[in-house]
Amino acid sequence: MNSLKALLYFSIFRYPLSAKEIYLFSTANNEKEIADELMYLKEKGVVSHDDNYYFIEEDTHNVSRRIEGNKMAKAVMDKAIKKGVFISKFPYIEAVGISGALSKNYHDKDSDVDFFVITKSNRLWIARTLLMLYKKIFLFNSRKFFCVNYFISEDHLKITEQNLFTAMELLTLIPISGDFKEFYAQNRWVSRFLPNMKVGKVSIYPEVKQNWFSRAIVGLLTPKLGDFLDAVFLKITLKKWRIKFDNLSKEDFNIAMKSTSAVSKHHPQNFQKKVIDRLNARYNEFQTKYDITLEKEHA
C-alpha cells in the first residue's frame with residue numbers, strides 16, 4: 001500500500017497530500033497505481049478526500065490547516081532565502097539550504113526556519129561557533145529565522161543515517177547558495193526510499209561572495225591555528241552538550257547530537273527517531289484496525 005505509507009508519514013505532521021504528492025512520496029510504479037489504491041482505501045473508509053487533498057480517516061480540519069500553512073510558507077520564503085544567503089557569507093560556509101517544515105511548503109506562527117549547512121573541511125566548528133555567537137549577540141538567541149542545527153563538511157557529504165526520514169529531508173531540501181552537486185551525487189541512496197523524487201537541485205544563488213569580515217577571518221587564521229581552534233570548539237561544545245543533554249541515552253545522543261570533526265547535529269528532541277517510532281506505531285494500528293500489513297521502517 002504505497003499510498004497509505006505516504007499518507008501515514010505525513011499524518012504525523014497533520015499534513016494532507018494531493019494524489020500527485022502521494023505518488024512522489026511513494027515507491028509506486030506509476031500514478032494510476034496510486035489512483036487505484038486511493039479508490040480502494042476510500043471505499044474501505046481508511047482514507048478521506050476534501051478539496052483535492054487526501055488524509056487518514058475523517059480529520060478534515062487538517063486540510064484548512066495545510067492551506068493556511070502553505071500561504072504562510074509563501075509569505076516568509078523570501079525572508080528565509082535572504083537569511084540563507086546571509087548565513088552563506090560567514091567564514092568557511094560552502095553551501096546553505098532550507099530544511100524542515102518550510103522546505104515542504106509549510107509554516108505557521110510556531111515554526112522555525114531550519115537551515116542545513118555545508119562547511120569547508122576542518123573548519124565546521126569555527127563556522128558553527130561564529131554563527132552561534134551572531135545569533136546570541138545580535139538576535140538575542142532567537143531561532144525563529146536562524147535555526148542552524150545541522151552542519152556537515154565538504155569532505156563528509158554522505159549522510160550515514162539512511163532511512164525514510166533522512167531521505168525525505170534530503171529530497172525536500174531547498175538549496176539556497178553554493179554547489180550541492182557533489183552532495184546529491186554522494187547521497188543517491190535516497191532513491192531506495194523515494195524513487196519518484198528527483199535527486200539533485202540547483203541553488204537559487206550558486207555563488208555568493210564572502211564579505212570583508214569573512215575574508216578577514218580566513219586571512220588571519222593560519223592552517224595550524226585554524227585546525228587548533230576547530231578542535232577546541234568541538235571539544236568545548238561536546239562537553240557542554242553531554243552535560244546539558246544527559247537525559248539522552250548514549251545511542252540517542254550519538255545520533256541526535258552527533259558531533260565529529262565533520263558533522264554537527266543539534267536535535268535534542270531526537271526527532272528522527274520519534275518520527276520513525278510514531279510511524280511504525282501507526283503501521284501497527286492500521287494492521288489491527290484494517291488488517292493492512294505495512295513493512296516497518298528503521299531509524
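- Judged as a salt bridge (charged side-chain N to carboxylate O under 4.0 Å, His left out), and not counting sequence neighbours, R192 has no contacts.
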**OP:** Go through the steps for F233 and F228 under the test ring pair (Phe, Tyr, Trp, His ring centres under 6.0 Å), then give the verdict.
**Re:** CA-CA 9 Å; F233 290 146; F228 171 76; 9.2 Å; no

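- At a threshold of 4.5 Å between side-chain heavy atoms, the hydrophobic network of Ile, Leu, Val, Met, Phe, Trp and Tyr places I126 and I137 in one connected group.
- Every residue two or more places apart in sequence or in another chain was checked for a salt bridge (charged side-chain N to carboxylate O under 4.0 Å, His left out) with D179, and none qualifies.
- Going from atom CE of M168 over to atom OG of S103 covers 10.5 Å, rounded to the nearest 0.5 Å.
- A centroid separation of 6.0 Å or more is found between the aromatic rings of F55 and H49.
- Taking the six-membered ring wherever Trp is involved, the centroid distance between the rings of H266 and F245 falls below 6.0 Å.
- When the side chain to side chain donor-acceptor pair (under 3.5 Å) test is applied to Y54, no partner is found at least two apart in sequence or on another chain.
- Not a single side chain to side chain donor-acceptor pair (under 3.5 Å) links R215 to another residue, sequence neighbours left out.
- For R278, there are no side chain to side chain donor-acceptor pair (under 3.5 Å) partners, not counting sequence neighbours.
- When the shell of 6.0 Å around CZ of F13 is examined, it contains more than 12 heavy atoms from other residues, nucleotides or ligands.
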Subject >> Full working for salt bridge (Lys or Arg N to Asp or Glu O under 4.0 Å) between D155 and K120 >> reply: CA-CA 8 Å; D155 62 336; K120 285 189 175 295; over 6 Å; no

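- Scanning for salt bridge (charged side-chain N to carboxylate O under 4.0 Å, His left out) contacts around D36 gives K32, with sequence neighbours left out.
- M132 meets the side-chain contact (heavy atoms from CB on, under 4.5 Å) test with R128, K135, V148; sequence neighbours excluded.
- Partners of K82 according to the side-chain contact (heavy atoms from CB on, under 4.5 Å) rule, which considers only residues two or more places apart in sequence or in another chain, do not exist here.
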**OP:** Quick one: do K265 and E161 satisfy salt bridge (Lys or Arg N to Asp or Glu O under 4.0 Å)? Show the steps, please.
**Re:** CA-CA 12 Å; K265 293 172 67 176; E161 296 88 20; 3.7 Å; yes

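- In this structure, F138 CZ and F146 CZ are separated by 11.0 Å, a value rounded to the nearest 0.5 Å.
- Ring geometry, F165 versus F271: the interplanar angle exceeds 60°, so the pair is classed perpendicular (tilted spans 30 to 60°).
- For E297, the salt bridge (charged side-chain N to carboxylate O under 4.0 Å, His left out) partners two or more places apart in sequence, or in a different chain, are K5.
- Heavy-atom contacts from other residues, nucleotides or ligands closer than 6.0 Å to NZ of K198 number 12 or fewer.
- Taking the six-membered ring wherever Trp is involved, the centroid distance between the rings of F151 and Y92 does not fall below 6.0 Å.
- Within the structure, side-chain hydrogen bond (donor to acceptor under 3.5 Å, both in side chains) contacts touching residues 228-247 (residues at least two apart or in different chains) do not occur.
- Here Y106 pairs with R65, D108 under the side chain to side chain donor-acceptor pair (under 3.5 Å) rule; sequence neighbours left out.
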**OP:** Show your reasoning for whether salt bridge (Lys or Arg N to Asp or Glu O under 4.0 Å) applies to E169 and K104.
**Re:** CA-CA 9 Å; E169 291 304 301; K104 298 162 191 65; 2.9 Å; yes

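- If you check the side chains of R282 and S11, you find a donor sitting under 3.5 Å from an acceptor.
- Ring-centre distance between Y134 and F90: below the 6.0 Å cut-off.
- Applying the ring-ring contact (aromatic ring centres under 6.0 Å, His included) test to F140 and every residue at least two apart in sequence or in another chain returns nothing.
- A 6.0 Å sphere centred on NZ of K44 holds more than 12 heavy atoms belonging to other residues, nucleotides or ligands.
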